[in-house]
Amino acid sequence: MSVPATSSVRPPPRKLAALAFIVEYIIQRRFSPSMDEIRAHLGVSKQRVGTLLAQLVKDGSIERPMGTQRAIVVPGLMVEIAKRELRAVGWVVDEDMKRARFAAPLPQDNLALVAIIEHVPDDAPSRHEA
């Protein structure tokens, strides 16, 4: 009799699941989740949430500003949200130009060269004198 094969696919570590939840929550609501919301989503104790958040802070994945109870900041996330919203309304963001296979010519590439005036004599009559 054969033993049923167990799945080799493991769920992501709780730390990564917590980070993914925090990021998605901030993207949707524009503010960070409470510890109780994280606890309820992950199905862990409040103490475990505190440990997970401390690990994420240590890794540099999140920041917890001093003097705030609820605030969780994901470095760079608000910039990414702003870029996503700008792209949604048709703006081109710097990284878009870097990733493009060919860049559209910029207008200054087609400007004529301007002659450099090295010296204008001081004794030249001015327009106002005439």
Side-chain angles (χ1 to χ4, degrees):
M1 184 154 69
S2 66
V3 176
T6 58
S7 174
S8 62
V9 177
R10 293 182 178 170
R14 293 246 192 250
K15 182 172 69 170
L16 295 179
L19 180 60
F21 174 73
I22 291 166
V23 167
E24 192 60 35
Y25 191 100
I26 293 172
I27 288 172
Q28 290 177 359
R29 295 176 180 85
R30 301 296 191 262
F31 58 89
S32 58
S34 68
M35 290 192 60
D36 281 335
E37 290 166 325
I38 298 169
R39 179 195 56 74
H41 179 77
L42 297 176
V44 296
S45 69
K46 195 169 184 176
Q47 292 79 15
R48 180 69 174 134
V49 171
T51 302
L52 291 169
L53 293 179
Q55 290 173 353
L56 290 169
V57 168
K58 184 179 178 184
D59 294 348
S61 300
I62 66 169
E63 297 172 357
R64 307 268 328 260
M66 297 299 290
T68 60
Q69 293 182 1
R70 183 176 178 138
I72 299 172
V73 176
V74 179
L77 180 60
M78 296 311 288
V79 171
E80 290 305 315
I81 291 170
K83 288 177 185 178
R84 183 184 298 181
E85 290 179 359
L86 288 171
R87 287 181 183 120
V89 294
W91 286 64
V92 176
V93 183
D94 290 341
E95 289 84 17
D96 297 337
M97 292 300 289
K98 292 176 186 173
R99 283 185 286 212
R101 290 183 185 207
F102 57 92
L106 299 174
Q108 63 265 29
D109 290 345
N110 298 325
L111 295 177
L113 294 177
V114 178
I116 299 173
I117 301 174
E118 292 182 6
H119 176 73
V120 175
D122 292 336
D123 58 346
S126 68
R127 292 183 189 179
H128 301 294
E129 293 176 12

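All residue numbers refer to positions in the sequence shown, counting from 1. Note that the structure is predicted; figures quoted are calculated from it, not measured. No hydrogens, no waters, no symmetry mates; every other heavy atom, side chains included, goes into these values.
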Chemist: What ring-ring contact (aromatic ring centres under 6.0 Å, His included) pairs are there with at least one residue in residues 36-78, not counting sequence neighbours?
Modeler: F21-H41
Chemist: In terms of hydrophobic clusters joined by side-chain contacts under 4.5 Å, are M78 and I22 together?
Modeler: yes
Chemist: Identify the two heavy atoms, one from R14 and one from V44, that lie closest to each other, and give their separation to 0.1 Å.
Modeler: NE-CG1, 3.4 Å
Chemist: Sequence neighbours left out, what pairs pass ring-ring contact (aromatic ring centres under 6.0 Å, His included) with at least one residue falling in residues 48-80?
Modeler: none
Chemist: Give me the atom names and distance for the closest heavy-atom approach of Y25 to F31.
Modeler: CD2-O, 3.2 Å
Chemist: Nearest 0.5 angstrom please: L19 CG to L53 CG, how far?
Modeler: 10.0 Å
Chemist: For residues K46 and M35, report the shortest heavy-atom separation together with the two atoms involved.
Modeler: O-CE, 3.7 Å
Chemist: Could you check if a side-chain atom of I38 sits within less than 4.5 angstrom of a side-chain atom of L52, using non-hydrogen atoms only?
Modeler: no
Chemist: Under 3.5 Å, which donor-acceptor pairs link side chains of residues 55-64 to any protein atom two or more places apart or in another chain?
Modeler:
{"from": "D59", "atom 1": "OD2", "to": "K15", "atom 2": "NZ", "distance (Å)": "2.6"}
{"from": "R64", "atom 1": "NH2", "to": "Q69", "atom 2": "O", "distance (Å)": "3.2"}

Chemist: Nearest 0.5 angstrom please: R84 CZ to I27 CD1, how far?
Modeler: 4.5 Å
Chemist: Any side-chain to backbone donor/acceptor pair from S32 onto V73? Under 3.5 Å, distance only.
Modeler: no
